[in-house]
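Have a look at the structure below before the remarks.
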2 protein chains.
Amino acid sequence: MRQKKKSDLLTEVELEFMNELWALGEGTVRDVLDQLPEGRNLAYTSAATILRILEQKEFVTSRKDGKRHVFVPMLAKDAYQTRSLKDLSMKLFDDTPASLVARLVDDADLSEEALGQIRALVDRRLKNDTG
Amino acid sequence: MRQKKKSDLLTEVELEFMNELWALGEGTVRDVLDQLPEGRNLAYTSAATILRILEQKEFVTSRKDGKRHVFVPMLAKDAYQTRSLKDLSMKLFDDTPASLVARLVDDADLSEEALGQIRALVDRRLKNDTG
DNA sequence: TTTGAGAAACGAAAGCTTTAGTATTAACCT
DNA sequence: AGGTTAATACTAAAGCTTTCGTTTCTCAAA
């Protein structure tokens with residue numbers, strides 16, 4: 001039996017780190033640490049630990065560059081976005097993507113512009129499928 | 001200073017319980033436990049603990065009914081759905097709902113029917129706003 | 001009113017997440 | 001080669017999540 005994986009999802013801090021790595025493409029512990037927002041104040045060794053864990057969980061690989069490790073995502077952000085949406089849809093939207101979108105477009109905060117963009121996206125996808 | 005709340009989001013098991021409560025409207029420990037899927041095999045006291053925690057975190061209230069506690073959601077599912085979507089959008093979609101939908105409709109698994117429903121929803125919302 | 005069954009309250013253990021300290025190693029400069 | 005600097009490896013503590021056992025309580029029936 002393989003490793004016991006509860007959900008294939010990143011924890012909060014893991015996601016924070018993956019976001020930086022996705023933005024950078026790849027990077028060392030130092031690179032990621034420097035990328036974190038002002039006032040995050042995380043010890044270097046903590047950052048190193050997180051990246052080590054991400055490697056254990058196979059979300060990133062590393063290669064050696066001199067004495068440093070350069071970490072590279074093994075999973076594209078796109079793929080993880082899809083995975084997260086599936087998970088959320090499953091757990092909270094009865095596995096029905098339309099109801100997820102329903103909630104999203106019901107949100108009063110949503111701008112007219114965002115709505116227009118969303119419709120354009122859906123239209124384009126429908127055309128590509130049928131056309 | 002108020003309680004230190006990291007994210008206002010439910011944990012995995014808490015969400016599992018809230019889903020049952022939302023489905024039931026309200027219920028006792030026993031009610032929720034019986035609602036859980038076959039083979040979940042959770043001890044009665046575990047279920048009671050989860051509900052106690054949900055009450056501490058103010059996701060549910062309880063009233064007494066004889067010797068039993070009846071638990072009632074304090075937060076509607078709708079509201080929690082919105083909250084979750086905001087959180088996901090923020091953390092993984094650059095706070096841009098349109099990009100979330102973009103990823104959703106890119107998903108190859110998405111049925112034509114679901115796409116149609118989604119477009120209908122968006123159209124309806126646009127009409128209600130402008131008209 | 002005693003007692004038995006089921007419920008609540010409490011406490012705590014096991015595992016995971018997040019953070020960081022200490023020890024060790026590796027590269028580079030002189 | 002030796003020393004300095006910066007990185008990695010290892011270990012562990014603190015806090016949170018999930019689970020359940022034990023004790024206490026409460027209602028209702030005999």
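Below, read A as the first sequence line, B as the second, and so on, with proteins coming before strands; counting in each chain starts at 1. In what follows, every heavy atom counts, from backbone to side chain, and hydrogens, waters and symmetry copies are set aside.
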Between B:S46 and D:dC20, does any side-chain N or O lie under 4.0 Å from OP1 or OP2?
yes
Among pairs that include at least one residue of [range], which meet salt bridge (charged side-chain N to carboxylate O under 4.0 Å, His left out), considering only residues two or more places apart or in two chains?
| range | answer |
| --- | --- |
| residues 29-52 of chain A | A:E16-A:R40 |
| residues 60-69 of chain A | A:E26-A:R63, A:D65-A:R68 |
| residues 95-105 of chain A | A:R103-A:D106, A:R103-B:D78 |

Strand-adjacent residues in residues 82-93 of chain A, judged by heavy atoms under 4.0 Å from DNA chain C:
none
List, with names and distances, any nitrogen or oxygen atoms from the protein found under 3.5 Å away from nitrogen or oxygen atoms belonging to nucleotides 22-30 of chain C.
none

Anything under 3.5 Å between a donor and an acceptor, one on a side chain of residues 18-25 of chain B, the other on a protein residue two or more places apart or in another chain? List them.
unit_1, atom_1, unit_2, atom_2, d
B:N19, OD1, B:K77, NZ, 3.1
B:N19, ND2, A:K91, O, 2.8
B:W22, NE1, B:L75, O, 2.8

Under the side-chain hydrogen bond (donor to acceptor under 3.5 Å, both in side chains) test, residues paired with [X] that sit two or more places apart:
| X | result |
| --- | --- |
| B:D109 | A:K86 |
| A:T45 | none |
| B:Q35 | none |

Could you work out, with side-chain contact (heavy atoms from CB on, under 4.5 Å) as the rule, every residue matching A:A98, not counting sequence neighbours?
A:T96, B:Q117, B:I118, B:L121
In numerical order, the residues of residues 48-55 of chain B whose heavy atoms come under 4.0 Å of DNA chain D are B:T49, B:I50, B:I53
For DNA chain D, find the residues of residues 23-44 of chain B with a heavy-atom distance under 4.0 Å and give them by number; none if there aren't any.
B:R40, B:L42, B:A43
Rounded distance (Å) that lies between atom P of D:dT17 and atom CD of B:E14:
6 Å
